[in-house]
*Asks:* 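Got a structure for you, written out below as structure tokens; questions coming shortly.
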Amino acid sequence: AYTVSRAMKVVDKLIEQHKLDKVVLAGHSFGGYVAANVASRSKHKGKIKALTLLAPAFNTPTKKIEGQARRDMELAKHPAFPLVKGMPITIHHGSADTAVPLKASQSFKTHQKSKGGTVPRLRTITGGDHIIRDKGQEKALLADFAKQIHKAFGLTPKASAKSGKR
């Protein structure tokens, strides 16, 4: 069964098993909510260098979340909006998302600002729903994620082979 606590433990275990010092997390929907909780409350939160979230399930009405996740949120009292500090956060969210409304990400941004957390960059995908279906939007999201990885690890992106630059 999927629960926030169990998913957080899996991420923690992966960080430990692979002896990771720097981590860039990405998550979609429930996975976005889990990634934000890991960045906020995990024993490895200091290793998380950036977050990229796609339609994260913040403050989602419990009827929209699977029973196991709902029970976990109620029993463990995971915050509707985890407070994330010290790392860049980018959120990509479709304006027409009915599974997790855009308002959830907007409210998270407001929460972060009011509580002294990192204010996320919220990229609204006009007309987008819960899944990115447009290839151009998908390409933009992946490029943004790559930038976060390069920055977190101090890497310089290589020039495209087509451009001839080195």
Side-chain angles (χ1 to χ4, degrees), residues 2-60 69 78-94 97 100 102 104-125 128 130-166:
Y2 297 106
T3 66
V4 176
S5 297
R6 185 172 290 158
M8 288 177 68
K9 286 177 186 174
V10 167
V11 174
D12 282 343
K13 192 172 274 193
L14 285 169
I15 291 170
E16 290 164 11
Q17 286 178 344
H18 294 282
K19 298 180 174 93
L20 302 175
D21 292 327
K22 294 179 183 178
V23 177
V24 176
L25 286 179
H28 172 250
S29 196
F30 179 73
Y33 177 71
V34 169
N37 271 282
V38 170
S40 172
R41 303 181 311 122
S42 162
K43 62 184 173 183
H44 297 296
K45 68 182 180 182
K47 296 179 179 183
I48 311 303
K49 303 303 177 192
L51 282 176
T52 295
L53 309 174
L54 174 59
F58 294 120
N59 200 29
T60 303
H78 293 286
F81 301 111
L83 183 60
V84 181
K85 296 181 178 183
M87 70 196 68
I89 306 167
T90 302
I91 301 173
H92 302 265
H93 207 127
D97 189 339
V100 178
L102 174 60
S105 288
Q106 293 167 331
S107 296
F108 174 70
K109 182 176 180 176
T110 300
H111 170 81
Q112 286 291 105
K113 188 173 184 177
S114 71
K115 300 293 183 184
T118 301
V119 178
R121 182 172 65 106
L122 178 56
R123 186 168 170 265
T124 302
I125 302 167
H130 197 61
I131 307 294
I132 292 186
R133 300 174 199 287
D134 178 84
K135 292 296 179 193
Q137 296 289 351
E138 183 180 90
K139 207 172 188 178
L141 183 144
L142 291 172
D144 184 70
F145 187 51
K147 284 179 191 173
Q148 282 192 325
I149 292 169
H150 284 110
K151 187 173 181 178
F153 289 90
L155 303 172
T156 304
K158 292 185 179 180
S160 163
K162 289 182 181 178
S163 71
K165 295 179 184 177
R166 297 255 175 216

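Nothing here was measured: the structure is a model prediction, and the numbers come from that model. All values below come from the heavy atoms of this structure, side chains included, with hydrogens, waters and symmetry mates left out. Here, residue 1 is the first one in the sequence, and each next residue gets the next number.
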*Asks:* Give the minimum heavy-atom separation between P120 and K109, together with the two atoms involved.
*Replies:* O-CE, 3.6 Å
*Asks:* With no hydrogens and no angle check, just 3.5 Å: does a side-chain donor-acceptor pair link Q148 and T90?
*Replies:* yes
*Asks:* Have T156 and H150 got a donor and an acceptor in their side chains that come within less than 3.5 Å?
*Replies:* no
*Asks:* Quick check: closest heavy atoms across T118 and Q112, and the distance to 0.1 Å?
*Replies:* O-NE2, 2.8 Å
*Asks:* Which pair of non-hydrogen atoms, one from V84 and one from S40, has the smallest distance, and what is that distance?
*Replies:* CG2-CB, 4.2 Å
*Asks:* Looking only at heavy atoms, what is the nearest atom pair of K49 and A152, with distance?
*Replies:* CB-CB, 3.6 Å
*Asks:* Check whether any side-chain heavy atom of R123 sits under 4.5 Å from a side-chain heavy atom of I91, and report yes or no.
*Replies:* no
*Asks:* If the plane angle is over 60° it's perpendicular, under 30° parallel, otherwise tilted; pick one for F58 and Y33.
*Replies:* perpendicular
*Asks:* Considering residues at least two apart in sequence or located in another chain, which fulfil the ring pair (Phe, Tyr, Trp, His ring centres under 6.0 Å) criterion with F81?
*Replies:* H111
*Asks:* Inspect the surroundings of NZ in K47 and state if more than 12 heavy atoms from other residues, nucleotides or ligands are less than 6.0 Å away.
*Replies:* yes
*Asks:* Please report the interatomic distance CG(L122) to CD1(I125), rounded to the nearest 0.5 Å.
*Replies:* 9.5 Å
*Asks:* V100 and side chain to side chain contact (heavy atoms under 4.5 Å, CB included): which single residue from S105, P56, S29 fits?
*Replies:* S29
*Asks:* Going from CG on L53 to NE2 on H93, what distance comes out if it is rounded to the nearest 0.5 angstrom?
*Replies:* 10.5 Å
*Asks:* Donor-acceptor pairs under 3.5 Å, side chain of residues 9-26 to any protein atom, not counting sequence neighbours: which ones?
*Replies:*
unit_1	atom_1	unit_2	atom_2	d
D12	OD1	S42	OG	2.4
E16	OE2	K43	NZ	2.9
E16	OE2	H44	NE2	2.9

*Asks:* Please identify each residue that fulfils side-chain contact (heavy atoms from CB on, under 4.5 Å) with L141, with sequence neighbours left out.
*Replies:* L54, H92, I132
*Asks:* Take I149 and K151 through the side chain to side chain contact (heavy atoms under 4.5 Å, CB included) test and state the conclusion after the steps.
*Replies:* CA-CA 5 Å; I149 292 169; K151 187 173 181 178; over 6 Å; no
*Asks:* Between R41 and M8, is any pair of side-chain heavy atoms under 4.5 Å apart?
*Replies:* yes
*Asks:* What distance separates N37 CG from L83 CG, expressed to the nearest 0.5 Å?
*Replies:* 11.0 Å
*Asks:* Looking at M87 and A39, what are the two nearest heavy atoms and their distance?
*Replies:* SD-CB, 3.7 Å
*Asks:* Are P82 and V38 packed together at the side-chain level, in the sense that at least one heavy-atom pair is separated by less than 4.5 angstrom?
*Replies:* no
*Asks:* Could you pull out the closest heavy-atom pair between A55 and D97, with the gap in Å?
*Replies:* CB-OD2, 3.4 Å
